[in-house]
Amino acid sequence: LSREAIHRGFDVIGVARRGELLQKMATELGGRFTPITCDVADAVAVQAMCDALQKTPDVLILNAGVGNFDNKHELDLELHRRTFDINYFGALNVIAALFEKMKTRKSGHVVVTSSLAAYRGLPLAAAYCASKAALTTAVESMRLTYGRFGLDFTTIHPGFVKTPMTDTNTDPMPFLWAADKAAIYILDRVERRCKNIVFPLPIRLGSALLRLLPAWLHYKLLHIKGNRRQTD
Ligand SMILES: NC(=O)c1ccc[n+]([C@@H]2O[C@H](COP(=O)([O-])OP(=O)(O)OC[C@H]3O[C@@H](n4cnc5c(N)ncnc54)[C@H](OP(=O)(O)O)[C@@H]3O)[C@@H](O)[C@H]2O)c1
């Protein structure tokens, strides 16, 4: 996304925790890329980072996320908290830190990366699905609430994209897109201020269908088999 945005003439501030990788990107992308090391889960650090910016960004692409999987046998509350801290509060920390400035300026485009996992609960992904569903719903609500201040809100619901996150996934990933293809698709629509960006088409249609399934059929198709008592 950063590479494609710079190619389109944007100046990009890239935020992540691993400074050495950001520095590598800065070397590759040149002077239009400003690296900032920050953990978006740390609200105080995010506020300090945003206060130090010389100019309020025109577009916020809130993409930081982790794909934590649930334990098959135990409910790990800490994993839920960690996942929400980054996937949900990470995005909200940045929006909150710049909200007054965007409101005063009467413009700002907030783009969040959610997931098709926001649409329905999936096995072994309660924390991830819930964090993305919360993000999708919060942004939909914010659009209705704060649109009158001149703010635009876009939610991205990607299917599978080849990144370090999916590189560790051993399950089938139908219609996997290369990251640069996804970046072009996303930025074309961000520039048009689309409200909802969903891709690729077959996964989009499949997940629309999944959303319509009654709970009993959704359960029948997706539940993890085994280790269940007959009386359950
Ligand atoms: N790849 C897919 O198929 C797919 C599908 C649907 C949705 N998504 C969503 O797309 C987004 C990007 O995912 P990806 O596939 O590119 O994953 P990735 O390869 O693991 O990249 C995640 C990025 O988020 C940054 N990050 C994570 N935690 C952070 C934190 N606390 N503070 C600041 N930066 C943080 C990471 O940098 P550092 O580790 O250096 O901080 C990294 O740059 C995520 O929100 C993910 O849920 C991905």
Side-chain angles (χ1 to χ4, degrees), residues 1-5 12-26 28-29 33-50 60-70 79 81-95 97 110-120 122 124-136 138-139 154-183 185-187 190 196-200 202-204 206-207 210:
L1 277 172
S2 295
R3 193 178 294 124
E4 180 61 23
V12 174
I13 300 168
V15 180
R17 294 164 300 182
R18 287 168 296 172
E20 70 286 5
L21 286 183
L22 286 171
Q23 277 309 327
K24 251 172 95 176
M25 283 180 68
E28 180 203 326
L29 298 176
F33 181 83
T34 306
I36 300 184
T37 307
C38 183
D39 181 344
V40 294
D42 181 342
V44 176
V46 168
Q47 187 66 60
M49 168 185 74
C50 292
L60 309 177
I61 299 193
L62 306 173
N63 189 55
V66 285
N68 293 329
F69 285 104
D70 298 326
L79 179 129
R81 289 207 174 92
R82 274 201 317 275
T83 307
F84 265 78
D85 276 349
I86 298 175
N87 292 4
Y88 181 73
F89 286 108
L92 261 74
N93 286 338
V94 182
I95 299 171
V110 176
V111 181
V112 298
T113 307
S114 183
S115 166
L116 295 171
Y119 290 164
R120 240 16 232 263
L122 302 173
L124 295 175
Y128 186 70
C129 291
S131 69
K132 293 299 187 180
L135 186 62
T136 291
V139 166
T154 295
T155 311
I156 308 169
H157 292 99
F160 295 109
V161 179
K162 187 167 166 36
T163 67
M165 185 187 279
T166 47
D167 283 347
T168 58
N169 185 9
T170 50
D171 291 332
M173 290 185 284
F175 309 107
L176 179 76
W177 275 21
D180 51 0
K181 179 177 175 180
Y185 188 90
I186 288 168
L187 287 183
V190 165
N196 192 20
I197 301 173
V198 193
F199 63 88
I203 298 274
R204 179 182 184 164
S207 58
L210 191 67

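Read the numbers this way: they start at 1 and go in the same order the structure lists the ligands and their atoms. The figures here come from the full heavy-atom set of this structure, side chains too, leaving out hydrogens, waters and symmetry mates.
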Select the closest option to atom 25 (C) of ligand 1 among G19, A64, G90, judged by heavy-atom distance.
A64
Polar atom proximity, T166 to ligand 1 (N or O, under 3.5 Å)
no
Polar-atom distance check: S115 versus ligand 1, any N or O pair below 3.5 Å?
no
Evaluate whether atom CZ of R3 has more than 12 neighbouring non-hydrogen atoms of other residues, nucleotides or ligands under 6.0 angstrom away.
no
Which bit of S114 is near ligand 1, meaning a heavy atom under 4.0 Å away: side chain, backbone, both or neither?
backbone
Can any side-chain N or O of T155 pair as donor or acceptor with the backbone N or O of N196 at less than 3.5 Å?
no
For L21, is the nearest heavy atom under 4.0 Å from an atom of ligand 1?
no
Show which atoms of ligand 1 fall inside a sub-4.0 Å distance from at least one heavy-atom site of I86.
28 (N), 31 (N)
Is the shortest side-chain heavy-atom distance between I203 and W177 below 4.5 Å?
no
Heavy-atom contacts with A16 under 4.0 Å: which atoms of ligand 1 show up? List them by number with element.
33 (C), 34 (N), 37 (O), 38 (P), 40 (O), 41 (O)
Mind checking whether K132 contacts ligand 1 via backbone (N, CA, C, O), side chain (CB onward), both or neither, at a 4.0 Å heavy-atom cut-off?
side chain
Looking only at protein heavy atoms, which one is nearest to atom 14 (P) of ligand 1, and what is the separation?
T163 OG1, 3.5 Å
Would R17 and I86 count as a side-chain contact (heavy atoms from CB on, under 4.5 Å) if you check the C-alpha gap in whole Å, the side-chain angles of each, and the deciding distance to 0.1 Å?
CA-CA 12 Å; R17 294 164 300 182; I86 298 175; 4.1 Å; yes
Is V15 in polar range of ligand 1, meaning some N or O pair under 3.5 Å apart?
no
Need the ligand 1 atom indices (1-based, order shown) with element for anything under 4.0 Å from a heavy-atom of T113.
9 (C), 10 (O), 11 (C), 45 (O)
Under 4.0 Å from any heavy atom of N63, which atoms of ligand 1 are there?
10 (O), 11 (C), 12 (C), 44 (C), 45 (O)
Here the atoms of ligand 1 under 4.0 Å from any heavy atom belonging to D39 are 30 (C), 31 (N), 32 (N)
Is there a nitrogen or oxygen of V40 sitting under 3.5 Å from a nitrogen or oxygen of ligand 1?
yes
Strictly under 4.0 Å, does any heavy atom of C38 approach an atom of ligand 1?
yes
Nearest non-hydrogen contact with atom 8 (N) of ligand 1 belongs to which option: F160, F89, Y128?
Y128
